[in-house]
Visitor: 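Take a look at this one; I'll ask things after.
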Amino acid sequence: MDIKEYISSGILEQYVLGLCTPKEADKVEQYAEQHPEVQQKIKKLQSCMEHYADLHAIPPPPKLKNRILGKIHHLEDCKGLSVEYKRGQTLEQSPVVPQDNFRRLWSGIAVLMIFSLGFLSYSLYEQQKLANQKLAGLYSEIQYIKADYRELRVQSDQLQAQYAVLKDAGTRYVHLRGSNMAPQSLAVIYYNPDHKKTYLNVVRLPDPPSGHQYQLWADIDGKHYNMGAVKVNDDGSENLHTMPFLENSRGFAITLEEQGQSKVPTVAKMCLSGSL
Amino acid sequence: MINEQQITQLLNRQDKQAISILYDRYAASLYGVALKIVHSEEVAEDILQDVFIKAWQKGVDYDSRKGSVFTWLLNITRNRAIDITRSSSFRKQAKILELNSFAHESNNGNGYTEELNVNQIGLRWMVNQLDLKYQKVIELVYFQGFTQSEVVEQLGIPLGTVKTRLKIGLREMRKFFEDTGTI
C-alpha cells in the first residue's frame with residue numbers, strides 16, 4: 001500500500017483516538033517502525049490531543065497529591081517486605097519434571113506457600129518482638145530523663161533564688177578572712193535582712209582533719225549563735241550554701257570543731273571571721 | 001528542568017520521584033479530562049489516584065517509542081474513566097445525579113445536546129472556531145468512549161462520514177493550535 005495513501009486514510013486518527021482493534025493497532029505500530037513519516041504523523045496527532053486535553057485542565061484539590069504519594073509510599077513498603085522475605089527463603093523447591101503428575105506440582109506449590117506464609121508470619125513476629133523491646137527500652141529511658149529533668153529544675157530554681165538575693169540592693173557582703181590558724185582561707189557571707197536570707201560561699205578552706213568539721217557562727221550583740229556545719233564543696237564547684245538567717249547579726253565566724261556540732265565556739269580554733 | 005528522557009528513566013526504575021514530577025505537570029489536565037467523562041469530583045479524584053498508582057507500577061513497561069508520557073497517562077486516564085462510566089454501580093448513581101446535574105444541557109434543535117458549562121477561555125475559543133459537527137464526533141469518541149458504530153447510531157450518519165469527520169476534525173484542531181501559537 002502506498003504510504004501516503006495510508007497516512008491520509010484516517011487510520012492514524014483512529015489509532016490516536018483509541019478506536020482501532022488490536023490487530024489494526026499492531027499494523028499501525030508496524031508501519032510506524034518501518035516508515036518515519038507515519039511515526040511523525042502519529043506524533044503530531046498525539047500532540048494535538050494533548051493540547052486538547054490541556055484546554056480542559058482543572059486543578060485538582062491540593063491535598064490529593066500527598067494522598068496519592070502517601071499511598072504509593074505505602075505500597076512501596078509492602079513491596080519491600082515481600083522482597084525481604086523472598087531473600088531469606090532457603091527452601092529447596094521440588095523439581096518440576098514434565099512426566100510428573102500434575103498433582104505433585106500443585107502440592108509442591110501448596111507446601112511452598114505454607115512455608116512461605118510460616119516464614120513470613122515468623123519474621124513479622126520477630127519484628128514485632130524487636131519493636132516491643134525497643135519500646136520498653138525507650139520507655140525506661142524516658143523515665144530516667146524525666147527524673148533528671150526534675151532534678152535540674154530543682155537546681156535551677158535554687159540558683160535563681162540565690163541569684164535574686166545576690167542582685168538585691170539590700171544584700172550585704174561580708175568577707176570572712178583567715179586567722180592565724182588558716183591564713184589563706186577565705187569565705188564570703190551574703191546577708192539580706194529584707195529577704196531574711198543568708199548564703200555562705202566557701203572560696204578557700206582546707207579540708208578539716210578527720211573527726212572534725214567547720215562550723216559557722218553569727219555574732220549577735222557580742223554573743224555567738226550556731227548557724228550550722230559548713231559543707232565543703234565535694235566536687236569543687238562554686239555554690240552558695242543556704243544558711244539559717246539570724247536577725248541582727250553583726251559578724252560571722254567559722255571555727256573548727258569536733259564532729260557533731262558544738263554549742264559553743266572554740267574560739268581558739270577560729271579560722272575565719274568578719275563583720276558587717 | 002527535568003526532561004522527558006530523564007522522566008522515562010525514573011519511570012522505568014519505578015522511582016516515585018517521577019510520579020511527583022508527572023503529577024505537578026499533568027494532574028490538572030488529567031483531572032479535567034476525567035471530570036468531563038464522569039461528571040463527579042469524587043470519582044475523578046479516585047481516577048487520578050488509580051492513574052498515578054498504575055503509572056508507578058507499570059512504569060517499567062512504558063515504551064517511549066509509542067508516544068510521550070503525557071499521551072500514555074491520558075490513555076490510562078480515559079480508559080479508566082470510561083470503564084467506570086460503563087460499570088453498573090456508576091450508572092445507578094448517575095441516574096440519581098441526573099436530577100441535580102451540574103452541567104446544563106440544552107438541545108440546539110439539531111438533535112445534538114450541548115454542554116454550556118465551558119468556562120475555560122481557550123476551550124471556548126476553540127469551540128467557536130471549530131465546526132460543530134467535528135467537535136461533536138470528537139467529543140463522543142474522546143469523552144464518552146463511543147466506538148465509531150456507536151457514533152453512527154447516536155448521530156444517524158454513515159460510518160464513512162464518521163471516519164471523515166474525525167480525520168478532518170483533528171486536522172482542523174491542529175490548525176487551530178498552530179494559528180493560536182499553542183504549537
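By convention in this document, chain letters (A, B, ...) are assigned in the order of the sequence lines, proteins followed by strands, and residues within each chain are numbered from 1.
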Visitor: Within this structure, what is the CG-NZ distance for the pair A:L69 and B:K16, rounded to the nearest 0.5 Å?
Guide: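 Rounded to the nearest 0.5 Å, the CG-NZ separation comes out at 8.0 Å.
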Visitor: Roughly how far, to the nearest 0.5 Å, is the CG atom of A:L55 from the NZ atom of B:K36?
Guide: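 Nearest 0.5 Å value for the NZ-CG distance: 11.5 Å.
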Visitor: Identify the heavy atoms of A:P61 and B:Y23 that sit nearest to each other, and give their distance.
Guide: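 So the minimum-distance heavy-atom pair works out to O-OH, 4.3 Å.
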Visitor: Is B:L48 close to chain A through its backbone or its side chain, or both, or neither, when contacts mean heavy atoms under 4.5 Å?
Guide: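 Both parts, heavy atoms under 4.5 Å.
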Visitor: Is there a side-chain contact between A:H51 and B:R174 (heavy atoms, below 4.5 Å)?
Guide: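 No, too far: nothing below the 4.5 Å cut-off.
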Visitor: Taking all non-hydrogen atoms of both residues into account, name the closest pair between A:A53 and B:Y142 and its distance.
Guide: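 Closest pair (atom of A:A53, atom of B:Y142, distance): CB-OH, 4.1 Å.
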Visitor: If you count heavy-atom pairs under 4.5 Å with chain A, which of B:M126, B:E178, B:E41 comes out on top?
Guide: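 Of the candidates given, the most pairs with chain A belong to B:M126.
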Visitor: Heavy-atom distances under 4.5 Å only: say whether B:F70 touches chain A with side chain, backbone, both or neither.
Guide: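 Both parts, backbone and side chain.
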Visitor: Have A:E76 and B:Q14 got a donor and an acceptor in their side chains that come within less than 3.5 Å?
Guide: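 Distance-only check fails for A:E76 and B:Q14.
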Visitor: Could you state the interatomic distance from CG (B:L166) to CG (A:L12), rounded to the nearest 0.5 Å?
Guide: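 Separation between the atoms: 13.0 Å.
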Visitor: At what distance, to the nearest 0.5 angstrom, does CD of B:E172 lie from SG of A:C48?
Guide: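 It comes to 10.5 Å.
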Visitor: Inspect the surroundings of CZ in B:R86 and state if more than 12 heavy atoms from other residues, nucleotides or ligands are less than 6.0 Å away.
Guide: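 Yes, because the 6.0 Å sphere around CZ of B:R86 holds more than 12 heavy atoms from other groups.
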Visitor: Could you tell me the separation between the CD1 atom of B:I37 and the NE2 atom of A:H56, rounded to the nearest 0.5 Å?
Guide: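 If I round to the nearest 0.5 Å, the distance is 10.0 Å.
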Visitor: Once you round to the nearest 0.5 Å, how far does CG of A:L17 lie from NZ of B:K167?
Guide: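 Answer rounded to 0.5 Å: 13.5 Å.
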Visitor: Which one of A:I72, A:L75, A:I42, A:I68 has the most heavy-atom pairs closer than 4.5 Å to chain B?
Guide: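 Top option by heavy-atom pairs under 4.5 Å: A:I72.
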Visitor: Does any backbone or side-chain atom of B:L170 lie under 4.5 Å from a heavy atom of chain A? Answer side chain, backbone, both or neither.
Guide: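 Contact with chain A is through both the backbone and side chain of B:L170.
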Visitor: Is any side-chain heavy atom of A:V16 closer than 4.5 Å to a side-chain heavy atom of B:T71?
Guide: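 When only atoms from C-beta onward are counted, B:T71 and A:V16 do not touch, as no gap falls below 4.5 Å.
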Visitor: What part of B:Q57 is in contact with chain A, defined as an atom under 4.5 angstrom from a non-hydrogen atom: side chain, backbone, both or neither?
Guide: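 When you check distances to chain A, only side chain atoms of B:Q57 fall under 4.5 Å.
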Visitor: What about the rings of B:F176 and A:Y52, do their centers lie closer together than 6.0 Å?
Guide: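 For B:F176 and A:Y52, the ring centres are not under 6.0 Å apart.
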Visitor: If you count heavy-atom pairs under 4.5 Å with chain B, which of A:K43, A:K65, A:Q46 comes out on top?
Guide: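 Of the options given, most contacts go to A:K65.
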Visitor: Would you call B:R171 and A:E13 a salt bridge, taking side-chain N to carboxylate O under 4.0 Å as the test?
Guide: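 No, no charged N to carboxylate O under 4.0 Å.
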Visitor: Checking side chain to side chain contact (heavy atoms under 4.5 Å, CB included) for the pair B:R65/A:E29: CA distance, chi angles, key distance, verdict?
Guide: CA-CA 10 Å; B:R65 288 173 302 174; A:E29 283 162 17; over 6 Å; no
Visitor: Show the numbers, then the answer: is there a side chain to side chain contact (heavy atoms under 4.5 Å, CB included) between B:F52 and A:K71?
Guide: CA-CA 10 Å; B:F52 281 105; A:K71 196 84 194 264; over 6 Å; no
Visitor: Which bit of A:E50 comes within less than 4.5 Å of chain B, counting heavy atoms only: side chain, backbone, both or neither?
Guide: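 Both backbone and side chain.
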Visitor: Looking at A:K44, A:R67, A:Q39, A:H73, which has the largest count of heavy-atom pairs under 4.5 Å with chain B?
Guide: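 Highest number of pairs under 4.5 Å: A:K44.
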Visitor: Between B:F146 and chain A, which part of the residue has a heavy atom less than 4.5 Å away: side chain, backbone, both or neither?
Guide: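 For B:F146, the backbone is the part near chain A, not the side chain.
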